[in-house]
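Reckoned from all heavy atoms, side chains included, excluding hydrogens, waters and symmetry mates. Letters go in sequence order (proteins before strands), and every chain restarts at 1.
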Protein chains: 2
Amino acid sequence: MLLRTNTSSIRPVDGHLAALAGERVFCSEFRYRRGTEVFGEGEETEYVYQIISGAVRTYKLLSDGRRQISSFHLPGDMFGLDNGASHRFTAEAIVETRVRITKRRSLLETMRSRESGASIFLGLVTRNLQHAENHMLLLGRKTALERVAAFLLEIDERLGHPKVLVLPMSRRDIADYLGLTLETVSRTCSTLRDRKMLKFEGATQRQIVLLDRNGLAEYDA
Amino acid sequence: MLLRTNTSSIRPVDGHLAALAGERVFCSEFRYRRGTEVFGEGEETEYVYQIISGAVRTYKLLSDGRRQISSFHLPGDMFGLDNGASHRFTAEAIVETRVRITKRRSLLETMRSRESGASIFLGLVTRNLQHAENHMLLLGRKTALERVAAFLLEIDERLGHPKVLVLPMSRRDIADYLGLTLETVSRTCSTLRDRKMLKFEGATQRQIVLLDRNGLAEYDA
DNA sequence: GAGCGAATTTGATCTGCAGCAATTTGAGTC
DNA sequence: GACTCAAATTGCTGCAGATCAAATTCGCTC
């Protein structure tokens, strides 16, 4: 069987991003190796990124190493724009990742000069905020089962409901995103497998087929 | 002893808001009684609010009643702007609350027409996002003690370090903000009292004096 | 200031998930 | 295809915080 380690297909870029990306606002391309830092907490915000292929995690750390991943960025996603003057978290490539980058400054100027600039920007930021609000509800009030179900449905949705979900991130990454431990994530996935809500595809546990999206949605209160 | 139930002093309005508020962008005033809904989830976003006195909570509910409060709004705070076309959560007055309101539309237009409009807006939204990111870290990875300490320091900071913190919200509200139960919040406050980090002032447990802000900050990893 | 319902505290017990440990599985290398 | 190290699973035990249950206190009204 053919195994590909980094095969998140490029999903259709949404309207707002296409409006920007289509006009070559993004000037140069860049690659990051697996585990490489794209930018660090506290660094000056100089660039804005759009993922071509691969995946990026953004996270915060506590002094003793506890980590909270605030979001995963997948192909088509833009990130780094809504930060203020300096980055408030760290961004790392999860797998080999290709990105388009552009100067934050020039992007903001382009937006300002265009009639639709403000609303494009508003839309981008609103989406980030919306995601954060939903995630607070998940972290504050949902059970492990509900969290994992919500995660699978979120990734499924963002990858455009593929036959096989190819997860670029480890169980530990998922755990740090969901506010759980990696063991609990693993156990919960096994439970969902036993309940026939999903199955593992091929020789790896990172490829998942959702067998019952409606059932999963019911867990996701 | 004089007891006042709703005495959050009006803290100095920050630069951005003053820039807007000072120019009478806010046209009319409104009052909400304790427990009253300001707007509901799903409603169309028509107005933007700035609190004159009192306090507002914004929250999301799960189908079985579990609640996550995403933020408290105190005097000087603006809210309702960063929502998209429709509100993504419910806003309720915690106590008798006075607000200035203005049409969202006209505020956005004012911003667009001014040179500094975009950056004012950017600043407002960035702050919301920043708060949400910090709160995700709290909800996903902090202990009960760390959460309560962080909460007290946050409110203290936002009220401008008053001698006595007058909390407008109940233990249940605090619990639903911190992702805990009200009993755990109560117990944790008692622990902090026993450790001489705070004391209750007067005849109520809603008035708190922080005795050791540095000590609290150490809990807040 | 008496009376009443709501808010808060405090105690006792329970439980979902964490923490630790031992296998098992899988990806990458020679 | 054997070897190696990391990732993931699974089992067992422990604990932080939830849940249940009384008191106690507070705030409000008459």
Counting the atoms with a prime plus P, OP1 and OP2 as sugar-phosphate, which does [X] contact under 4.0 Å by heavy atoms, base, sugar-phosphate, or nothing?
X	answer
A/R187	base
B/L180	sugar-phosphate
A/R147	nothing

How close or far is atom [atom2] of [N] from atom [atom1] of [X], stated in whole angstroms?
X	N	atom1	atom2	value
A/F200	D/dT9	CZ	C1'	9 Å
A/D176	C/dA18	CG	C1'	13 Å
B/R67	D/dA18	CZ	P	15 Å
B/L178	D/dA18	CG	P	11 Å
A/L182	C/dC17	CG	P	15 Å
A/M169	D/dA6	CE	C1'	18 Å
A/K199	D/dT9	NZ	P	17 Å

Measure the CZ-CG distance between A/R147 and A/L152 for me, rounded to the nearest 0.5 Å.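 It is 14.5 Å, given to the nearest 0.5 Å.
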Of A/R171 and A/R141, whose closest DNA chain D nucleotide lies nearer the 5' terminus?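 Closer to the 5' end of DNA chain D: A/R171.
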Which residue, B/Q205 or B/K142, contacts DNA chain D at a nucleotide closer to its 5' end, judged by nearest heavy atom?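 Residue closer to the 5' terminus by nearest nucleotide: B/K142.
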Considering only [options], which nucleotide approaches the side chain of [X] most closely?
X	options	value
B/S186	D/dC26, C/dT8, D/dT9	C/dT8
A/R206	C/dT9, D/dT10, D/dA7	D/dA7
A/T204	C/dT10, D/dG17, C/dA27	C/dA27

Phosphate contact ([N] OP1 or OP2) by [X] side-chain N/O below 4.0 Å:
X	N	result
A/R34	C/dA27	no
A/T184	C/dG16	no
A/T181	C/dG19	no

Would you confirm whether the ring centroid of B/H135 sits within less than 6.0 angstrom of the ring centroid of B/Y177?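 Yes, they do, as the ring centres are separated by less than 6.0 Å.
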Given that A/G179 and B/V185 both sit by DNA chain C, which one's nearest nucleotide is further toward the 5' end?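 Upstream on the strand: B/V185.
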Of A/A144 and A/E183, whose closest DNA chain C nucleotide lies nearer the 5' terminus?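 So the residue in question is A/A144.
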Scan A/L139, A/L62, A/L178 and name whichever one has a side chain to side chain contact (heavy atoms under 4.5 Å, CB included) with A/Q68.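 Going through A/L139, A/L62, A/L178 one by one, the side chain to side chain contact (heavy atoms under 4.5 Å, CB included) with A/Q68 is satisfied by A/L139 alone.
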Restricting to ring pair (Phe, Tyr, Trp, His ring centres under 6.0 Å), what partner residues turn up for A/F200, sequence neighbours left out?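 Result, ring pair (Phe, Tyr, Trp, His ring centres under 6.0 Å) vs A/F200: none returned.
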Return the orientation label for the B/F39 and B/F79 ring planes: parallel under 30°, perpendicular over 60°, tilted otherwise.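 B/F39 and B/F79: tilted rings.
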